[in-house]
Protein chains: 2
Amino acid sequence: MNEPVLAGLLTDRYELTMLAAALHDGTANRRTTFELFARRLPDGRRYGVVAGTGRLLETLPQFRFDDDACGLLARFLDPDTVGYLRDFRFGGDIDGYAEGELYFPGSPVLSVTGSFADCVVLETLALSIFNHDTAIASAAARMVSAAEDRPLIEMGSRRTHERAAVAAARAAYIAGFAATSNLGAQRRYGIPTEGTAAHAFTMLHTREGGPAEITELAAFRAQVDALGAATTLLVDTYDVTTGVANAVAAAGTELGAVRIDSGELAVLARQVREQLDGLGATRTRIVVSGDLDEFSIAALRAEPVDSFGVGTSLVTGSGAPTASMVYKLVEVDGMPVQKRSSHKETRGGRKEALRLARPTGTITEEVVYPAGRPPQTAEPCRALTTALVRGGEVVSRPDLAAARELVASGLHSLPWEGLNLSHGEPAIPTTHIPT
Amino acid sequence: MNEPVLAGLLTDRYELTMLAAALHDGTANRRTTFELFARRLPDGRRYGVVAGTGRLLETLPQFRFDDDACGLLARFLDPDTVGYLRDFRFGGDIDGYAEGELYFPGSPVLSVTGSFADCVVLETLALSIFNHDTAIASAAARMVSAAEDRPLIEMGSRRTHERAAVAAARAAYIAGFAATSNLGAQRRYGIPTEGTAAHAFTMLHTREGGPAEITELAAFRAQVDALGAATTLLVDTYDVTTGVANAVAAAGTELGAVRIDSGELAVLARQVREQLDGLGATRTRIVVSGDLDEFSIAALRAEPVDSFGVGTSLVTGSGAPTASMVYKLVEVDGMPVQKRSSHKETRGGRKEALRLARPTGTITEEVVYPAGRPPQTAEPCRALTTALVRGGEVVSRPDLAAARELVASGLHSLPWEGLNLSHGEPAIPTTHIPT
């Protein structure tokens with residue numbers, strides 16, 4: 001694919017010049033921990049959903065520098081540093097939240113421990129993956145929660161970078177979407193795909209002088225002929241009422257679904273349901289799409305909509321296209337370190353976290369504590385920090401089904417106000433136990 | 001790289017089921033034109049910058065389906081359709097705006113002509129590339145214009161998908177950014193890279209019981225020792241004034257640059273300039289970064305800032321992470337076609353465009369007209385539609401330098417109010433000559 005860039009080069013230049021300086025003065029071997037976390041949730045959000053863990057773990061073994069990459073590096077790095085990178089394999093440990101876990105401000109989502117040389121070079125790749133995937137999963141979870149039990153289809157590939165689209169489909173699936181339109185995501189991650197129909201297909205059946213309703217009927221007949229009556233017909237190319245009549249005329253009352261992609265969806269959904277029922281197509285489902293987001297999905301909850309197709313707002317994180325996670329050095333040779341830049345403070349020391357809950361399962365508090373020193377608690381609690389990599393070897397296999405279950409149980413565990421779509425504070429407070 | 005998905009599969013499932021239905025009823029051979037355009041600019045923007053053309057052209061030859069892909073397709077497509085896709089190579093024509101060209105609402109940015117089968121399958125890939133790259137280039141051009149002649153460095157890789165980051169660096173460079181931090185973009189597209197320094201490198205030099213200023217001085221000495229005095233030292237890990245003093249102590253008055261990444265940048269830039277000058281480091285440059293966007297860049301225009309590092313706002317399109325371009329069937333066998341869905345009308349017919357200007361070069365109007373029928377005009381004008389692909393063969397070589405020049409001349413050609421950062425109407429009106 002276009003001579004894909006090796007994962008090692010998906011990196012900012014300054015990480016490698018810092019590595020060069022650290023190799024030069026011997027500090028590259030100091031034992032360090034870097035922490036990946038978000039200082040805050042996107043404006044007004046009450047929770048976030050961790051995604052990207054699986055993609056980082058699958059990319060880690062490919063974080064290498066081949067001869068070609070080393071040729072590029074030699075233009076600005078000394079031979080010792082290039083030699084180090086030529087042999088590079090991450091040899092450290094990674095701990096972190098399982099993929100699909102909820103997170104809050106300051107949650108130590110990932111903790112990377114090893115020599116400075118091992119850890120510093122992963123900064124850009126780890127942040128790229130987590131900032132993208134987490135932004136999508138966090139927005140997607142709100143849509144899933146807004147849709148209650150109705151299925152959502154991810155259709156946003158066309159609104160984002162073509163490779164990001166595959167990762168976005170994966171993140172949406174983790175968050176609870178039922179399917180994606182993206183075939184690459186099916187190929188790469190086994191995510192179920194669904195498809196409906198295109199306005200272009202209807203208009204393709206235009207004949208000189210033929211009226212729109214004849215064009216549409218011809219297109220619907222062709223689609224049903226080729227794909228069967230269980231297909232989804234797109235009824236809003238011209239006039240929705242005529243479209244529904246044509247759809248049932250073409251497919252009969254066993255028609256799988258109709259899709260409405262424009263207009264006042266609430267009004268149209270009711271009209272179309274009534275029309276379908278009147279025509280005897282009582283089991284034909286209604287799929288709506290067209291610039292939906294979590295708010296419009298919630299507003300359609302009372303309407304006879306059977307599933308939602310979501311595109312732009314999903315792949316752009318519904319107003320928060322990046323999760324604002326950072327990757328900060330927190331410990332050097334056992335000493336906690338932190339910077340003091342205004343508004344960008346970090347908390348020093350390697351950390352772990354657990355979450356407290358009521359006996360009912362409703363979560364009440366997140367506790368971030370110095371690694372290895374969990375607080376005593378009488379309440380039910382669950383450890384959030386898990387081992388992901390040990391000595392460079394991945395010890396936790398990515399599991400999309402498990403990540404989906406974790407999101408579902410996480411949403412279930414939120415206090416009721418945590419599921420509000422309106423602006424608010426994080427659903428639970430986080431207590432930071434100092435080192 | 002992680003068994004990359006072949007370009008053919010970067011596609012929505014429904015395009016291929018529509019293809020199946022069209023092959024089934026023979027309409028797949030009808031001659032069609034699809035147009036890629038934006039109905040509107042992002043809210044309040046006055047112009048957009050086309051980017052993605054080069055990436056589409058380089059990806060087109062790889063838009064194929066191998067055995068593995070066909071195995072997946074066979075799960076939901078009939079054997080004839082799978083056979084067709086196994087042999088697929090785009091055989092049509094593509095016309096469009098050159099990469100780097102300005103665009104406005106309704107500009108026919110890309111026009112894809114060929115059999116329905118040829119054209120329909122490119123929808124997702126073309127939109128993904130243009131929606132992403134154009135969103136970045138359009139935001140980047142506003143930042144370039146806000147910075148006037150001061151160089152901008154793209155540093156946003158960590159805030160977007162790791163592969164999108166490479167395309168974002170490319171789009172920013174087209175728009176006029178001087179460099180990127182992303183090594184993949186240098187490897188893939190020859191874009192110049194730059195790097196500064198990391199807070200982590202300073203904190204790495206922490207010694208038990210040692211005060212912050214000693215840590216910082218040790219780090220700066222190590223960096224200068226390894227990378228030379230021309231390096232950029234990051235002075236805001238602890239206290240900026242101490243940081244600047246340490247920087248000059250470590251590197252001498254020949255220090256290349258200092259970087260400030262947090263705090264009140266305007267105030268700090270003035271203080272730091274004064275301090276550097278007082279220390280004799282009169283040629284040491286000041287690089288600022290930290291959540292900059294076009295507005296904060298403009299606000300820093302009066303300050304002694306030598307270059308800007310821009311991250312999050314760049315890669316997220318500064319509030320408009322997707323360009324909202326659509327790909328619509330506009331012509332079938334020579335007949336203009338258009339849908340009538342509410343608020344989503346299209347204008348039928350294959351189109352071309354030209355742009356009128358005053359004798360001074362200031363542009364005044366964009367004219368979109370039926371292909372092959374340019375209007376007569378007495379004013380100076382420039383054709384915007386160029387041949388990109390003929391019979392499946394790319395006839396226009398991507399040229400980043402030319403695209404950069406086109407953006408620069410495009411910005412120069414805007415009427416003065418077109419460069420305003422505030423919300424407003426498109427900088428010039430567009431006249432649509434009906435078919």
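Hydrogens, waters and symmetry mates are skipped; everything else that's a heavy atom, side chains included, is used. A note on names: the letters A, B, ... follow the listed sequences, proteins ahead of strands, and every chain is numbered from 1. Keep in mind the model is a prediction, meaning the values are calculated, not measured.
A heavy-atom distance below 4.5 Å is found between the side chains of A/T322 and B/T312. The side-chain heavy atoms of B/D12 and A/M155, taken from C-beta on, include no pair separated by under 4.5 Å. By the 4.5 Å heavy-atom criterion applied to side chains, A/R55 and B/H161 are counted as neighbours.
Heavy-atom distances place the side chain of A/R75, and not its backbone, under 4.5 Å from chain B. Using a 4.5 Å cut-off between heavy atoms, A/L77 makes no contact with chain B at all. Heavy atoms closer than 4.5 Å to chain B are found in the side chain of A/V166, but not in its backbone. Heavy atoms closer than 4.5 Å to chain A are found in the side chain of B/F76, but not in its backbone. Contacts of B/F130 with chain A are absent, with no heavy-atom separation under 4.5 Å from either backbone or side chain. In this structure, no portion of A/Y327 lies under 4.5 Å from any heavy atom of chain B. Within the 4.5 angstrom heavy-atom criterion, only side-chain atoms of A/T32, from C-beta onward, approach chain B. Within the 4.5 angstrom heavy-atom criterion, only backbone atoms of A/S324 (N, CA, C, O) approach chain B. Looking at A/L23, there are no atoms closer than 4.5 Å to chain B (heavy atoms on both sides), in backbone or side chain. The contact between B/L16 and chain A is made entirely by side chain atoms (from C-beta outward), counting heavy-atom distances below 4.5 Å.
Note on B/L204, B/T180, B/L73: by heavy-atom pairs under 4.5 Å with chain A, the leading option is B/L204. Counting heavy-atom pairs closer than 4.5 Å to chain A, the top residue among B/S128, B/A167, B/A323, B/A222 is B/S128. Contact tally against chain B (heavy-atom pairs below 4.5 Å) for A/A22, A/A20, A/A165: the top residue is A/A22. Annotation: maximal heavy-atom pairing with chain A below 4.5 Å, among B/E331, B/Q223, B/R221, occurs at B/Q223. Between chain B and the options A/H132, A/R13, A/H24, heavy-atom pairs under 4.5 Å are most frequent for A/R13. With chain A as the partner, the residue from B/A69, B/A197, B/P321 showing the most heavy-atom pairs under 4.5 Å is B/A197. Most heavy-atom pairs under 4.5 Å with chain A: of the set B/T160, B/V120, B/L19, this distinction falls to B/T160. When each of A/V330, A/T232, A/L227, A/T81 is scored by its heavy-atom pairs under 4.5 Å with chain B, the top score falls to A/L227. With chain B as partner, the option from A/I136, A/T206, A/N182 having the largest number of non-hydrogen pairs under 4.5 angstrom is A/T206.
With values rounded to the nearest 0.5 angstrom, A/S181 atom OG is found 8.5 Å from B/E15 atom CD. Note that the CD1 atom of A/I129 and the CD atom of B/E162 stand 4.5 Å from one another [nearest 0.5 Å]. The structure places OG1 of B/T27 at 5.0 Å from CZ of A/F201, a figure rounded to the nearest 0.5 Å. For the atom pair A/L6 CG and B/L183 CG, the distance stands at 12.0 Å (nearest 0.5 Å). The line from OG1 of B/T193 to CG of A/L72 is 6.5 Å long, rounded to the nearest 0.5 Å. Rounding to the nearest 0.5 Å gives a distance of 10.0 Å between CZ of B/R159 and OG1 of A/T124.
For A/D80, there are no side-chain hydrogen bond (donor to acceptor under 3.5 Å, both in side chains) partners at least two apart in sequence or on another chain. Residues that satisfy the ring-ring contact (aromatic ring centres under 6.0 Å, His included) test with B/F116, not counting sequence neighbours, are absent from this structure.
No donor-acceptor pair under 3.5 Å is formed between the side chain of A/T237 and the backbone N or O of B/K339. No donor-acceptor distance shorter than 3.5 angstrom exists from the side chain of A/R158 to the backbone of B/E123, with no hydrogens or angles considered.
The minimum heavy-atom distance between A/A226 and B/A21, with the atom names listed, is CB-CA, 3.5 Å. Here the shortest heavy-atom pairing between A/R259 and B/Y14 reads NH1-CE1, 4.3 Å.
The pair A/D68-B/R187 meets the salt-bridge criterion, since a charged nitrogen lies less than 4.0 angstrom from a carboxylate oxygen.
For the side-chain contact (heavy atoms from CB on, under 4.5 Å) criterion with B/M335, the lone passing option out of A/M203, A/E208, A/R207 is A/E208.
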